[in-house]
Amino acid sequence: MEKITSFTIDHIRLIPGVYVSRKDQVDGSCITTFDLRMTSPNDEPVMNTAEVHAIEHLGATFLRNHPVFGSRIIYFGPMGCRTGFYLLLAGDYESSDIVNLMIEMYEFIRDYEGEIPGSSPRDCGNYLDMNLPMAKWLARKYLDEVLYDITEERLVYPQ
Ligand SMILES: [Zn+2]
């Protein structure tokens, strides 16, 4: 079988950032997949599942309620390697197009207080596996080190 595109990225040189992972044409419409890379692959500790899970619930809730992008959200969820998330948007976008959206989303997570949406046995398959303080810490780190004053090298995959 052929190696899929996301396995051809040089993960050794990849740094935390906001990247376009791929664009797919589906029945004449473009779907853009973003790589929201939060930790440096094979270089720093990966995120634990409980904070990844909390970011997933909060991020998905924020995105699907967003007044501008809400109707364009196809999917938001974690990478299996736990170094980041994928966001799928209906439309043809560049990474710089969603930086402000990601700042809004990660500020929402950083500042979130209270019960995480969907964290109940009826709504989620593993509702106790949530770590809000670490999710907030990771959101702050991504904002401070990546999203605020983002540089070109964090918007385009290494060649
Ligand atoms: Zn869940």
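One-based numbering, in listed order, for ligands and for the atoms of each. Quick note: numbers below take in every heavy atom, side chains included, and nothing from hydrogens, waters or symmetry partners.
- Listed by first then second residue, pairs satisfying salt bridge (charged side-chain N to carboxylate O under 4.0 Å, His left out) with a partner in residues 95-124 read E113-K136, not counting sequence neighbours.
- Legend: side chain to side chain donor-acceptor pair (under 3.5 Å) pairs involving residues 11-20, not counting sequence neighbours: none detected.
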Would you check, one step at a time, whether the test side-chain hydrogen bond (donor to acceptor under 3.5 Å, both in side chains) holds for Y157 with D35? CA-CA 10 Å; Y157 275 143; D35 170 335; 2.7 Å; yes
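- Contact between L147 and M102 at its shortest, heavy atoms only, is CD1-O, 3.8 Å.
- Listed by first then second residue, pairs satisfying side chain to side chain donor-acceptor pair (under 3.5 Å) with a partner in residues 70-87 read R37-T83, R72-Y93, not counting sequence neighbours.
- Only protein atoms were considered; those of element N, O or S under 2.8 Å from the Zn ion (ligand 1) number 3.
- Scanning all heavy atoms of the two residues, the minimum distance from F108 to L58 falls at CE2-O, 3.6 Å.
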